[in-house]
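Please read the structure below before turning to the comments.
Below, read A as the first sequence line, B as the second, and so on, with proteins coming before strands; counting in each chain starts at 1. Bear in mind that the values here come from a model prediction, so they are computed numbers and not experimental data.
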There are 2 protein chains.
Amino acid sequence: MTAMAPAPTTPDLSFLLDHTSHVLRTRMAAALSEIGLTARMHCVLVHAIEEERTQAELAEIGDMDKTTMVVTVDALEKAGLAERRPSSKDRRARIIAVTEEGAKVAALSQRIVDRVHQTALAGLSKDERELFLRVMNRLVTDELATPADNPQPVRRARQRAS
Amino acid sequence: MTAMAPAPTTPDLSFLLDHTSHVLRTRMAAALSEIGLTARMHCVLVHAIEEERTQAELAEIGDMDKTTMVVTVDALEKAGLAERRPSSKDRRARIIAVTEEGAKVAALSQRIVDRVHQTALAGLSKDERELFLRVMNRLVTDELATPADNPQPVRRARQRAS
DNA sequence: TATTGTTATACTCTATAACTATA
DNA sequence: TATAGTTATAGAGTATAACAATA
């Protein structure tokens, strides 16, 4: 015997958002990789240029863990695009200073990012694009502002190096 | 000296899509976890009910690797919601048969999914919602249909067990 | 005591390869 | 030879804990 299928689904918003964000992410990664950047490196670079910021501040902006920030800044330093400098206000903190080369690369990567975004929306009319972006912004600030807190996965304590 | 910041960014579509899809995903995971399901289990359940389908067919529909399908079906069997049955047409293949209990759970989980989706879009007017979904569908079928193929990460051959 | 940045590492997720049975 | 499903495991990504320096 065959069970009855549930009634037809409402438009599958999960699929729509997952698919589009995944595709855009791969496009962005591919486009930025041509100048040796990851999306995170681009993000840090751009916000570090705007004003003097510490790693912690940049991690907050880019919604990264501070340990993820460490490897991102390592990569930027290795590529000669940014440097760690001691903060004059807090001797624990490091300011991320963008090099001249880094500023050039950031200008270029920003153009790449803009181009990928524009290409994605190229098929829409001006009105459609405006309303779409308005709605997305509303979702981000209202209904879909904050994640459900997930049931904490248990994590065992690390072994002492002794 | 301070470098010039790049010109103000076009609306950050990457952020909008990443954020909304991430938040919706956590909401969905939290809602479905209350009845012991993952999104993948729900997806397999619903499509297995519609008609007789093999693991490979269900993997294709849900865009999962066949090895991911194995663990998903293991979970469904363990929960008593579905069973593997030999296909009458191909003795290599397994039909995923949904149990009576599984059908009940699928009807419930579909209602949960619909509710989460509706809640996410609750703040929009009917017109806004319709246009938004139309645009998302267009992006999925046109501009953002297929991912950029990523530079293949090298993977070493597995050691012989011998 | 709390916080910044660091290191080491544990965990999750997913995909690859090898394998068995069958086509 | 190729394919369905299984198992084992490699690798990427990320988050936790512990730590040193400083607040």
Side-chain angles (χ1 to χ4, degrees), chain A residues 18 22 25-26 29 33 38-41 44 48 52-78 82-97 147 149-162, chain B residues 18 22 25-26 29 33 38-41 44 48 52-78 82-97 147 149-162:
Chain A
D18 281 351
H22 173 246
R25 186 190 288 268
T26 64
S33 79
T38 62
R40 275 200 246 271
M41 288 165 77
V44 169
E52 289 217 341
R53 287 188 164 124
T54 66
Q55 287 189 206
E57 287 165 349
L58 291 165
E60 166 74 20
I61 291 172
D63 191 31
M64 293 177 229
D65 192 87
K66 60 181 179 174
T67 59
T68 306
M69 180 58 62
V70 169
V71 302
T72 305
V73 174
D74 285 351
L76 288 173
E77 279 203 323
K78 198 174 163 192
E83 295 167 5
R84 289 171 167 95
R85 292 194 192 152
S87 165
S88 49
K89 294 163 196 151
D90 183 341
R91 283 199 291 167
R92 294 170 304 180
R94 315 291 189 88
I95 297 295
I96 303 308
D149 25 51
N150 57 339
Q152 295 295 16
V154 189
R155 185 73 73 95
R156 233 167 291 146
R158 162 181 159 196
Q159 298 299 347
R160 288 296 302 279
S162 113
Chain B
D18 281 352
H22 173 246
R25 187 190 286 267
T26 65
S33 78
T38 62
R40 276 200 245 270
M41 287 165 78
V44 169
E52 288 216 341
R53 287 187 164 125
T54 65
Q55 287 188 207
E57 287 166 349
L58 291 165
E60 166 74 19
I61 291 171
D63 193 29
M64 293 176 229
D65 191 87
K66 61 182 179 173
T67 60
T68 306
M69 179 58 61
V70 169
V71 302
T72 305
V73 174
D74 285 351
L76 288 172
E77 278 202 324
K78 198 174 164 192
E83 295 167 3
R84 289 171 166 96
R85 289 191 193 155
S87 164
S88 49
K89 293 164 198 152
D90 183 339
R91 284 198 291 169
R92 293 170 305 180
R94 314 290 188 89
I95 297 295
I96 303 307
D149 26 51
N150 57 340
Q152 295 295 13
V154 188
R155 186 71 74 93
R156 232 167 294 143
R158 165 181 158 196
Q159 298 299 349
R160 288 296 301 277
S162 104

- [ ] Using modelled atom types only, decide if a donor and an acceptor are shared between the side chain of A:E77 and the backbone of A:R84 within a distance under 3.5 Å.
- [x] yes

Open item on the list: Checking the side chain of B:T68 only, and the main-chain atoms of B:M64 only, is there a donor and an acceptor separated by less than 3.5 Å?
Closed with: no

d([atom1], [X]; [atom2], [N]) in whole Å:
{"X": "B:R84", "N": "D:dT6", "atom1": "CZ", "atom2": "C1'", "value": "9 Å"}
{"X": "A:E52", "N": "C:dT4", "atom1": "CD", "atom2": "P", "value": "17 Å"}
{"X": "B:D74", "N": "D:dT6", "atom1": "CG", "atom2": "C1'", "value": "9 Å"}
{"X": "B:R53", "N": "D:dA4", "atom1": "CZ", "atom2": "C1'", "value": "17 Å"}
{"X": "B:R94", "N": "C:dT22", "atom1": "CZ", "atom2": "P", "value": "10 Å"}
{"X": "B:E83", "N": "D:dG5", "atom1": "CD", "atom2": "C1'", "value": "18 Å"}

- [ ] Ignoring backbone atoms, test whether B:R92 places a side-chain nitrogen or oxygen under 4.0 Å from the OP1 or OP2 oxygen of D:dT6.
- [x] no

- [ ] Report yes if a side-chain nitrogen or oxygen of B:R91 is closer than 4.0 Å to either non-bridging phosphate oxygen (OP1 or OP2) of C:dA23; otherwise report no.
- [x] yes

Open item on the list: Classify A:S87 by what it touches in the nucleic acid, base, sugar-phosphate, or nothing, heavy-atom distance under 4.0 Å.
Closed with: nothing

Tell me the closest heavy-atom pair linking [X] and [Y], and the distance in Å.
{"X": "A:L58", "Y": "A:M69", "value": "C-CE, 3.5 Å"}
{"X": "A:T54", "Y": "A:E57", "value": "N-OE1, 2.9 Å"}
{"X": "A:A48", "Y": "A:I96", "value": "CB-O, 3.8 Å"}

Open item on the list: Is it the case that atom CG in A:D74 sees more than 12 heavy atoms from other parts of the structure closer than 6.0 Å?
Closed with: yes

TODO: Using a cut-off of strictly less than 4.0 Å between a heavy atom of the residue and any atom of DNA chain C, enumerate the qualifying residues of residues 56-69 of chain A by number.
DONE: A:A56, A:K66, A:T67

TODO: Check every atom of D:dG5, C:dG5, C:dC13 against the side chain of A:V70 and return the nucleotide holding the closest atom.
DONE: C:dG5

